[in-house]
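Input: a single structure, listed below in structure tokens.
We're numbering straight along the sequence, starting at 1. Hydrogens, waters and symmetry mates play no part in the numbers below; they use all other heavy atoms, side chains included.
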Amino acid sequence: MYDPTVARLTYRALLGRRRALILGALPLLLIVISLAVRALAGADDQTAADVLGGLALATMVPIIGVIAGTGAIGPEIDDGSVVYLLSKPIKRPTIIYTKLIVAIAVTMVFSAVPTLIAGFILNGNGQQVAVAYTVAALVASIAYAALFLLLGTVSRHAVVFGLVYALIWEALFGSLVPGARTLSVQQWSLAVAEKVAGGELVTSDVGLTTATVALAAVTVLATWYAGQKLRTLTLAGEE
């Protein structure tokens, strides 16, 4: 279910000069802000949790997920080059799974690694805050990559829809409307982080069992449906 050629082409598309600069901008900003906060406020567990929760998990991770998830397939559909890929003797689910793996890997590297570094800068992993938010970034990367890969498959405006979800639904409504929090990848990943931290600094409005089921369901369903849409696109291209 993994094709090295598809993976290589996808990595090349995602890590091109322009997209790589965009992917690296937010992690760099997070680390710079963390250095500034540590210099001004010293090592404080609550401050570390606020920065990692508000900037890393709520903003950086979903935006990187949008770039990696939609960029893994969206540009190929927009410029029509996906037809050439689909003409090869590669199973359609294999194409989706391969692109998902690449999108997950890119999202994890550009979100979880900087989160861990920022956490150690802020408070040296006091009360497991750095590790907890890193784990949250890792599990969120999987769901975000699958969700935004699906968007890239079904819409030519996937980046816009992805940013609307990430910045308006997750960041705005998720912080203001209690009911919206239960339908948030951010809150689901926070439930996992809360279990890792085991304290009061990291909390979620969703239980761990519900969060685990929701993360798995979103990932599986989004991946499956993306495969179905790609199969339909194949038929349209052949016609």
Side-chain angles (χ1 to χ4, degrees), residues 1-3 5-26 59-88 90-111 137 139-171 183-186 189 215-238:
M1 302 304 290
Y2 179 86
D3 187 271
T5 301
V6 175
R8 184 173 64 253
L9 293 173
T10 306
Y11 275 119
R12 185 181 301 172
L14 287 178
L15 300 178
R17 182 177 302 176
R18 181 181 302 177
R19 191 169 276 114
L21 289 174
I22 298 174
L23 285 169
L26 279 175
T59 303
M60 182 186 72
V61 180
I63 290 179
I64 290 177
V66 169
I67 297 171
T70 61
I73 196 169
E76 293 175 291
I77 294 178
D78 290 342
D79 62 20
S81 61
V82 70
V83 175
Y84 173 79
L85 177 63
L86 296 177
S87 67
K88 300 299 180 181
I90 305 174
K91 294 181 179 180
R92 305 308 176 250
T94 299
I95 295 174
I96 289 296
Y97 296 146
T98 302
K99 287 182 174 294
L100 176 62
I101 291 171
V102 173
I104 289 173
V106 171
T107 306
M108 284 182 172
V109 168
F110 283 91
S111 61
V139 297
S141 295
I142 299 173
Y144 281 133
L147 184 61
F148 297 133
L149 178 65
L150 171 61
L151 280 179
T153 305
V154 302
S155 174
R156 291 182 178 274
H157 307 289
V159 174
V160 174
F161 291 138
L163 290 175
V164 167
Y165 174 82
L167 299 179
I168 296 180
W169 180 265
E170 293 258 349
L183 299 175
S184 166
V185 174
Q186 177 189 343
S189 60
L215 286 166
V218 165
T219 302
V220 171
L221 290 176
T223 304
W224 172 80
Y225 193 61
Q228 296 301 308
K229 294 301 293 184
L230 193 62
R231 184 175 289 110
T232 301
L233 182 65
T234 303
L235 294 175
E238 290 174 349

Between [X] and [Y], is any pair of side-chain heavy atoms under 4.5 Å apart?
| X | Y | value |
| --- | --- | --- |
| Y165 | L151 | no |
| L230 | I73 | yes |
| V61 | Y144 | yes |
| L167 | I63 | yes |
| I64 | M60 | yes |

Write out all pairs satisfying salt bridge (charged side-chain N to carboxylate O under 4.0 Å, His left out) with one or both partners inside residues 62-75, taking only residues at least two apart or from two chains.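 Sorted pair list comes back empty.
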
List for me each residue that meets side-chain contact (heavy atoms from CB on, under 4.5 Å) alongside [X], sequence neighbours excluded, and say none if there are none.
| X | result |
| --- | --- |
| V159 | V66, T70, L163 |
| R19 | L14, L23, I67, P75 |
| R156 | D78 |
| T5 | D3, R8, L9 |

Residues forming a salt bridge (charged side-chain N to carboxylate O under 4.0 Å, His left out) with R18, sequence neighbours excluded: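 Partners of R18 under the salt bridge (charged side-chain N to carboxylate O under 4.0 Å, His left out) test: none.
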
Partner residues of [X] under the side chain to side chain donor-acceptor pair (under 3.5 Å) criterion, sequence neighbours left out:
| X | answer |
| --- | --- |
| S111 | S141 |
| Y97 | none |
| S189 | none |
| T10 | K99 |

Interatomic spacing from [atom1] in [X] to [atom2] in [Y] - rounded to 0.5 Å:
| X | Y | atom1 | atom2 | answer |
| --- | --- | --- | --- | --- |
| I95 | K88 | CD1 | NZ | 11.5 Å |
| K91 | T98 | NZ | OG1 | 12.5 Å |
| T59 | Q186 | OG1 | CD | 8.0 Å |
| I101 | I142 | CD1 | CD1 | 11.0 Å |

If a pair satisfies side chain to side chain donor-acceptor pair (under 3.5 Å) and one of its residues is in residues 215-228, list it, with sequence neighbours excluded.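 Counting only pairs at least two positions apart or across chains, the side chain to side chain donor-acceptor pair (under 3.5 Å) contacts touching residues 215-228 are Q228-R231.
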
For the residue pair [X] and [Y], what are the closest heavy atoms and their distance?
| X | Y | result |
| --- | --- | --- |
| A7 | Y2 | CB-OH, 3.1 Å |
| G162 | F148 | CA-CE2, 3.7 Å |
| A103 | G69 | CB-CA, 4.2 Å |
| A143 | V185 | CB-CG1, 3.9 Å |
| T107 | A68 | OG1-CB, 3.4 Å |

